[in-house]
Student: 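Sharing a structure below in structure tokens format, with a few things to ask.
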Amino acid sequence: MTQELTSTDPARPAARSGEAPGWWRDAVIYQVYVRSFADSDGDGIGDLRGARSRLPYLKDLGVDAVWLTPFYASPQADGGYDVADYRAVDPLFGTLRDAAEFVRAAHDLGLRVIVDIVPNHTSDRHPWFRDPDLARERYVFRPGKGPGGELPPNDWESVFGGPAWTRTERGDWYLHLFAPEQPDLDWDNPDVAAEFDSVLRFWLDLGVDGFRIDVAHGMVKAPGLPDIGHGAQAKLIGSQVLPFFDQDGVHAIHRSWRRLLDSYDGDRIGVAEAWAPSPERLALYVRPDELHQAFNFPFLTASWDAAALREVIDASLAATASVGAPTTWVLSNHDVVRHPTRLGGPRRGRAATLLMLALPGSAYLYQGEELGLPEVTDLPDEVRQDPAFLRSRRTHTTGDNVPRADEDPADLSGQEGRRDGCRVPIPWSGDRPPYGFGPGGSWLPQPPSWRRLSVQAQTGDPASTLELYRAALSLRRRLPGLGDGSLTWVPAPPGVLAFARPGMLCTLNTLGHDVEIPVPGEPLLASVTPVTRDGLTLLPGDGCVWWAI
Ligand code: GLC
């Protein structure tokens, strides 16, 4: 199944030598959800050639690196996070040559490329799982409980709902923390580690600059697979160590991967998608001999409240500083409700972005957020493909994917079946769907209102969200030390955050009304223009302003 790479000249990073190490410490990394970014062949599904054609746009936007979500051979039971062959490109997305050419073209533009690696589970169509003998060695099989073994081996629940176990025809059970089509690997078996070392080398040899490690907190399970004894396990994820999440044993795997990454030239990185119960436990993933970065989900899940935001910012900075790592910041991704919708509207979305881009460290952007795209909340059930939705459709049949008041909007946001709403293909140009996404249609319908949000519609309009992102990213580059330097809090009225960074001061007003403060300097950039008069300024409600100091 693995395709041959016919090129004798694998894409090598063009301009690595001579660069300062640690590019990732303050990098802005743009997530390309491949199937929804740009389609080259008209099948309505984004692909690697389409993504390559849009690289100049990303260069012009001002990002440093691109993270590509899984494009590997897969039955697509979970948007490609069910991998059947880790060394092959799924024909939906192109060929291995397309992947190599993507990496080469990105490097030619000075952009880095990181790719997803999915080590907690494979597809149930992976050759290992299809061979019953191999499967029992390399996945987590257990006999059932009760008379005849008809009950699951323990009480663990799948993140997507229902039991985390499925019974085979032979009568035993296999573990799947996600969909039944995603059996968990048994990392106690050295064959598993050896195979992933080889897969990492395969992509590093092809020239990638690193990996986003899917479910980096899940590979090791507590000995004996003990019961949890709690009904609503999804609510516990990220709030405590579980027998299947954030076990200490995962760190040995990340340490060995760090050694592997360091054995390559250039500055290749590992980024953990880890849900840990505290910033301190998250920081363990980025100790000097482990991974380079970990996604900061506590920031993503923080509420729109000055005190809450300050607390999470302080805790994140302190925890990562304790291990010498940079902090990362993220507001949106392919698993959560897009942040303008989640936070309560586009005005807050723009302010949150300026806050994030003013913080020290590295920031992750999710495709389309630079256009201010809202979550699509009215997708008909028939078009939805998220396995979390398909597994819970008995309780989600309204097509309404906005969190209800009694729900935690960030509860892995959307693992209850709402993730299609942030995965709608993005609008590039034109008045009608698919808005330049490709020569055919788009695999999920795009709202009519998106014609006003396309790249073409916003380019050159100084009031647009796209130009706000461009200006913010350009300032990040121009102000020395803004990326990875210090942060000093400045006294501010309740509901307002103010902090100084090298060359600028950032003020955020989380209240719904204007707040008067002394003018801190000349405005550099604003999500909503402030009015200043007689030494005072009206800091706009739900607004963020950067000031020159
Ligand atoms: C990660 C991915 C998500 C996927 C899950 C299982 O959380 O971001 O999209 O469904 O892992 O692989």
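Counting convention: from 1, in listed order, for ligands and their atoms alike. Values below: every heavy atom of this structure, side chains too, minus hydrogens, waters and symmetry copies. Just so you know, these numbers come straight off a predicted model, no measurement behind them.
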Student: For His334, take its heavy atoms, then give the atoms of ligand 1 lying under 4.0 Å from any of them.
Tutor: 2 (C), 3 (C), 8 (O), 9 (O)
Student: Could Arg258 and Asp289 be called an ion pair, given the rule that one side-chain N must be under 4.0 Å from one carboxylate O?
Tutor: no
Student: Taking the basic N atoms (NZ, or NE/NH1/NH2) and the acidic carboxylate oxygens, is any pair closer than 4.0 Å for Arg281 and Asp248?
Tutor: yes
Student: Which of these, Phe178, Phe295, Tyr33, has its nearest heavy atom closest to atom 5 (C) of ligand 1?
Tutor: Phe178
Student: Give the atom numbers and elements of ligand 1 that come within less than 4.0 Å of a heavy atom of Glu273.
Tutor: 1 (C), 7 (O), 8 (O)
Student: Pairing donors with acceptors under 3.5 angstrom, does anything connect the side chains of Glu195 and Tyr86?
Tutor: no
Student: When you check the gap from the basic side-chain N to the acidic O, do Arg138 and Asp191 get nearer than 4.0 Å?
Tutor: yes
Student: Salt-bridged, Arg87 to Asp85, with N to O below 4.0 Å?
Tutor: no
Student: Just heavy atoms, cut-off under 4.0 Å: does Arg212 contact ligand 1 by side chain, backbone, both, or neither?
Tutor: side chain
Student: Enumerate the atoms of ligand 1 whose separation from the nearest heavy atom of Arg423 is less than 4.0 angstrom.
Tutor: 9 (O)
Student: Under 4.0 Å from ligand 1, counting heavy atoms only, is it the side chain of Phe160, its backbone, both or neither?
Tutor: side chain
Student: Charged N to carboxylate O under 4.0 angstrom, Arg419 versus Asp78?
Tutor: yes
Student: Which ligand 1 atoms are under 4.0 Å away from a heavy-atom of Val215?
Tutor: 11 (O)
Student: Strictly below 4.0 Å, N to O, side chains only: are Arg212 and Glu273 in salt-bridge contact?
Tutor: yes
Student: Run the numbers for me: atoms of ligand 1, each under 4.0 Å from some heavy atom of Arg419, listed by number.
Tutor: 3 (C), 4 (C), 9 (O), 10 (O)
Student: Using a 4.0 Å cut-off to any heavy atom of His121, which atoms of ligand 1 qualify?
Tutor: 6 (C), 12 (O)
